[in-house]
Amino acid sequence: MLKPNDNLVDGVYSDLRLKLQRSAISPSDRLVDTEIAAANGISRMPAREALLRLVAEGYLVGTTRGFMVRELSPEDISGLFEVRRQLEPRAAASAARDMTLEVEEELTAAMRRVEQSLGASDIPALLAANIDFRNAWLKAVRNPHMAATISRFMDYFQSVRLGTFADPDTAGQYIDGLSRIHVAFLAHDPLMVQDRMMLFMFAAEEAYLAVRRRQLEAETERPTRRKNRRRGTA
């Protein structure tokens, strides 16, 4: 429920964006403006405006039954990672150069939560801590347009990222790469951060593509299994 003094559109938008970041909205969910409005005690129009803003930014798509999370094709994933590799390693290098003690402490606290969440197999907490790690180092990026763009491109992957974290081996490799980046940040070594971020992103792309291909294979097999059940075959 929104607070009475919230800007209604911004409030709904921020709430939905946070849920998208944490994969609390799945690709199978339908977001309906009237339902969101009722849940927040507001009129339909602010809810619809917030949903349309998320469509314009590439997070959602419209359907005949409401709005849903944009699902990425393997080609989308590769294309988005190509853009991210042009931005993030250089931005991370500048963050390593300009990082303050406050940001460093925030980054370390986030990394600790990442490791604890992984050890406890707490996927929601792991997703939240991963976002906190990202947001911490982005605070040291002096170009706000660059930071906002990187944040948006990272968030496009939330529906796929959940699948990578659900696999213990993939999650372990992902967090190991993140830990190596964290060490480089603490060393305030721009070149090391840039190199490790680039390697991390190639590994992440490979993991995301594997998850998405498995999802697509499962979607292809599902109608066949239903058809076989109706026919009484295995």
Side-chain angles (χ1 to χ4, degrees), residues 13 16-33 36 48 50-92 123-124 126-128 130-131 133-135 138 145-175 177-178 197-228:
Y13 170 87
L16 291 174
R17 178 80 186 274
L18 182 61
K19 289 177 179 177
L20 287 166
Q21 286 179 335
R22 299 188 175 185
S23 298
I25 300 172
S26 76
S28 61
D29 290 334
R30 293 296 184 274
L31 301 173
V32 181
D33 50 13
I36 292 171
R48 186 166 185 80
L51 288 165
L52 290 174
R53 186 190 297 181
L54 290 165
V55 170
E57 293 179 356
Y59 299 111
L60 302 178
V61 293
T63 74
T64 56
R65 295 184 292 129
F67 299 84
M68 61 184 294
V69 174
R70 175 190 175 196
E71 293 202 76
L72 302 176
S73 68
E75 293 74 20
D76 289 328
I77 291 172
S78 292
L80 289 167
F81 265 106
E82 183 178 1
V83 176
R84 288 182 62 182
R85 284 193 295 271
Q86 297 296 319
L87 299 176
E88 288 177 47
R90 290 180 62 188
I123 302 301
L126 181 55
L127 285 165
N130 183 65
I131 294 166
F133 184 92
R134 180 269 309 274
N135 291 342
L138 282 177
H145 304 289
M146 176 78 77
T149 300
I150 288 171
S151 179
R152 185 167 68 251
F153 271 78
M154 286 180 175
D155 288 343
Y156 287 149
F157 292 95
Q158 286 308 108
S159 61
V160 185
R161 184 173 289 123
L162 183 62
T164 64
F165 283 165
D167 178 75
D169 290 336
T170 305
Q173 293 170 13
Y174 189 86
I175 303 310
L178 204 66
M197 182 66 78
M198 185 67 78
L199 291 172
F200 178 77
M201 297 187 67
F202 275 114
E205 179 183 0
E206 184 179 336
Y208 289 4
L209 283 170
V211 168
R212 187 63 185 128
R213 285 169 182 148
R214 287 197 299 270
Q215 291 172 343
L216 291 170
E217 288 170 5
E219 290 169 9
T220 301
E221 293 170 359
R222 201 173 296 125
T224 303
R225 288 197 297 268
R226 285 199 296 265
K227 189 181 295 184
N228 288 340

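Residue numbers count from 1 along this sequence.
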Problem - is_close_aromatic(Y174, F200), centroid dist under 6.0 Å - result: yes
Exercise for the section: Scan side-chain atoms only and decide if E57 and Y156 contain a donor-acceptor pair under the 3.5 Å cut-off. Expected result: no
Fill in the blank from the handout: The side chain to side chain contact (heavy atoms under 4.5 Å, CB included) partner of M68 among T63, L31, D29 is T63
Practice task
Indicate the atoms forming the closest heavy-atom contact of R85 with M201, along with that distance.
Solution key: N-CE, 3.7 Å
Problem - Interatomic spacing from CD1 in I25 to CZ in F67 - rounded to 0.5 Å - result: 12.5 Å
Fill in the blank from the handout: Distance col, row M197:CE vs E88:CD, nearest 0.5 angstrom, shows 6.0 Å
Practice task
Output the distance between atom CZ (F202) and atom CD (E206), rounded to the nearest 0.5 Å.
Solution key: 11.0 Å
Fill in the blank from the handout: Rounded to the nearest 0.5 Å, the CD atom of Q215 sits from the OG1 atom of T220 at a distance of 11.5 Å
Problem - Pi-cation contact, Y59 with R70 (under 6.0 Å, within 45°) - result: no
Handout entry: Donor + acceptor pair across side chains of Y208, R212 (<3.5 Å)
Key = no
Completion exercise
Taken to the nearest 0.5 Å, the spacing of I131 CD1 from Q21 CD works out to 4.5 Å
Practice task
Kindly compute the distance separating OG1 (T170) from CD1 (I175), expressed to the nearest 0.5 Å.
Solution key: 11.0 Å
Problem - Side-chain ion pair, E205 and R84, N-O less than 4.0 Å - result: no
Handout entry: Expected output: side-chain D76 to main-chain S73 donor-acceptor under 3.5 Å
Key = yes
